[in-house]
Amino acid sequence: MSHYAAHRQTRVPGGIPVEIARLRSLSFAYQKQNFNAQIPSEFSNPNLEVLISEEQLQSRIQQLGLEIARDYAGRNPLLIGVLKGACLFMSDLMRAIDIRLGIEFMAISSYGMSTRTSGEVRILKDLSVPIDARDIIVVEDIVDTGLTLSYLLANLKSRGASSVKLAALLDKFERREREVPIDYLGFKIPDHFVVGYGLDFAERYRNLPYIAVLKNPE
Ligand code: IMP
Ligand code: MG
């Protein structure tokens with residue numbers, strides 16, 4: 001019997017090969033016991049209050065993935081992630097969509113406060129493929145005023161896409177200025193400044209595995 005075949009036969013009930021399961025539990029134990037005692041933890045920073053836990057995020061994203069897979073079966077949609085905030089949502093969401101699909105990324109930024117109300121945004125990184133006749137799903141971290149998304153959705157529609165839908169993890173609905181239809185929504189949240197799971201405050205906290213309210217933005 002080959003080495004590989006021998007490995008394939010030793011499985012724990014969950015289906016994970018014993019060797020991988022052992023390495024995993026070792027690495028978790030290592031992180032918890034050895035590292036956390038010595039390195040100041042960003043994830044348990046006292047300035048953060050958990051709003052949506054890692055488990056809540058993951059289970060909602062699995063549901064969204066199933067819904068998208070059902071709606072787009074046989075259609076090869078193109079997921080367009082909006083950098084940088086949607087990076088974690090994008091990577092978890094696409095793994096939850098078990099159909100053929102493609103991915104692209106765009107980076108956009110608003111022009112600044114003076115043109116904020118016009119909703120004009122600057123494209124910092126554009127798509128690298130044409131999208132005419134494609135089914136687009138924009139993947140965004142949060143819809144706040146809606147100015148960014150209403151510009152972006154119109155821009156993508158004008159390029160001849162067959163359809164343009166929006167998957168947004170968070171909806172800060174109380175602050176909406178432009179109507180933006182959210183086809184796949186993770187969570188509605190109250191009007192607090194939130195960080196984590198891709199969202200930042202001055203480029204910090206994107207790496208948190210959960211969504212938190214920043215108690216004291218300093
Ligand atoms: P909108 O154009 O006002 O909808 O702004 C959307 C963008 O603002 C999002 O893509 C985020 O990058 C950013 N944003 C809005 N609210 C928050 C927040 O609570 N935390 C972090 N970023 C936010
Ligand atoms: Mg964003």
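Values reported hereafter were calculated over all heavy atoms of this structure, with side chains retained and with hydrogens, waters and symmetry mates removed.
Annotation: side chain of Tyr72 is not in contact with side chain of Leu101 (no heavy-atom distance under 4.5 Å). The shortest side-chain heavy-atom distance between Leu66 and Arg70 does not fall under the 4.5 Å cut-off. Using a 4.5 Å heavy-atom cutoff, the side chains of Leu78 and Asp135 are not in contact. Side-chain contact between Arg122 and Ile108 is absent, with no heavy-atom pair separated by less than 4.5 Å. In this structure, Arg204 and Asp200 have side chains that are not in contact, with every pair of non-hydrogen atoms separated by 4.5 Å or more. The shortest distance between side-chain heavy atoms of Leu79 and Met90 falls below 4.5 Å. Leu48 is listed as a side-chain neighbour of Val195, based on a closest heavy-atom distance under 4.5 Å. The shortest side-chain heavy-atom distance between Val138 and Lys165 does not fall under the 4.5 Å cut-off.
Residues that satisfy the side chain to side chain contact (heavy atoms under 4.5 Å, CB included) test with Pro46, not counting sequence neighbours, are absent from this structure. With sequence neighbours excluded, no residue satisfies salt bridge (Lys or Arg N to Asp or Glu O under 4.0 Å) with Glu67. With sequence neighbours excluded, the residues that form a side chain to side chain contact (heavy atoms under 4.5 Å, CB included) with Pro217 are Phe201, Leu214.
Taking every heavy atom of both residues into account, Ser53 and Gln56 meet most closely at N-OE1, 2.8 Å. Summarising the geometry of Ile123 relative to Arg159, their closest heavy-atom pair is CD1-NH2, 3.8 Å, with the distance given to 0.1 Å. In this structure, Asp141 and Ala86 approach most closely via the heavy-atom pair N-CB, 3.8 Å. Ile211 approaches Gly196 most closely through the heavy-atom pair CD1-O, 3.5 Å. Summarising the geometry of Pro209 relative to Tyr197, their closest heavy-atom pair is O-CD1, 4.0 Å, with the distance given to 0.1 Å.
Of the possible polar contacts, none joining the Gln62 side chain to the Ser59 backbone as a donor-acceptor pair under 3.5 Å is found. A donor-acceptor pair is defined here as one N or O able to donate and one able to accept, closer than 3.5 Å; no such pair exists between the side chain of Arg206 and the backbone of Leu88. A donor-acceptor pair under 3.5 Å links the side-chain atoms of Lys172 to the main chain of His192, judged by distance alone. For the pair Lys84 (side chain) and Gly198 (backbone), a donor-acceptor distance under 3.5 Å is absent.
Atom CD1 of residue Ile136 and atom CD1 of residue Ile131 lie 4.5 Å apart, to the nearest 0.5 angstrom. With rounding to the nearest 0.5 Å, the separation of CZ in Arg176 from OG in Ser150 is 10.0 Å. To the nearest 0.5 Å, the span separating CG on Asn207 from SG on Cys87 amounts to 10.0 Å. The line from CG of Leu170 to CG of Asp144 is 10.5 Å long, rounded to the nearest 0.5 Å. Ile137 contributes atom CD1, which lies 7.5 Å from atom CG of Leu93 (distance to the nearest 0.5 angstrom). To the nearest 0.5 Å, atom CD of residue Glu140 and atom CZ of residue Phe89 are 9.5 Å apart.
Identified under the salt bridge (Lys or Arg N to Asp or Glu O under 4.0 Å) test for residues 94-104, with sequence neighbours left out: Asp92-Arg95.
In terms of hydrophobic clustering, with Ile, Leu, Val, Met, Phe, Trp and Tyr side chains grouped at heavy-atom distances under 4.5 Å, Leu153 and Phe173 are assigned to different clusters. Tyr210 and Leu199 fall into different hydrophobic clusters, where Ile, Leu, Val, Met, Phe, Trp and Tyr side chains are chained together by heavy-atom contacts under 4.5 Å. When hydrophobic clusters are built by joining Ile, Leu, Val, Met, Phe, Trp and Tyr residues whose side-chain heavy atoms come closer than 4.5 Å, directly or via intermediates, Ile97 is grouped together with Val139. Residues Met94 and Leu169 are members of one and the same hydrophobic cluster, defined by side-chain heavy-atom contacts under 4.5 angstrom among Ile, Leu, Val, Met, Phe, Trp and Tyr. With hydrophobic clusters built from ILVMFWY side chains whose heavy atoms lie under 4.5 angstrom apart, Val213 does not share a cluster with Leu208.
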Walk me through it: do Tyr205 and Asn47 pass the test side-chain contact (heavy atoms from CB on, under 4.5 Å)? CA-CA 11 Å; Tyr205 300 122; Asn47 195 22; 4.2 Å; yes
Test side-chain contact (heavy atoms from CB on, under 4.5 Å) applied to Ser163 and Arg75, step by step: CA-CA 11 Å; Ser163 66; Arg75 283 166 66 193; 3.8 Å; yes
Walk me through whether Lys125 and Met106 qualify under side-chain contact (heavy atoms from CB on, under 4.5 Å). CA-CA 5 Å; Lys125 182 214 173 296; Met106 284 182 85; 5.8 Å; no
Take Leu156 and Leu127 through the side-chain contact (heavy atoms from CB on, under 4.5 Å) test and state the conclusion after the steps. CA-CA 10 Å; Leu156 294 174; Leu127 300 172; 4.0 Å; yes
Enumerate, atom names and distances included, each donor-acceptor pair closer than 3.5 Å involving a side-chain atom of residues 179-188, sequence neighbours excluded.
from, atom 1, to, atom 2, distance (Å)
Asp183, OD2, Leu166, N, 2.8
Tyr184, OH, Asp71, OD2, 2.6
Lys188, NZ, Asp171, OD2, 3.4

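If you chain together ILVMFWY residues whose side-chain heavy atoms come under 4.5 Å of each other, Leu124 ends up in a group of its own.
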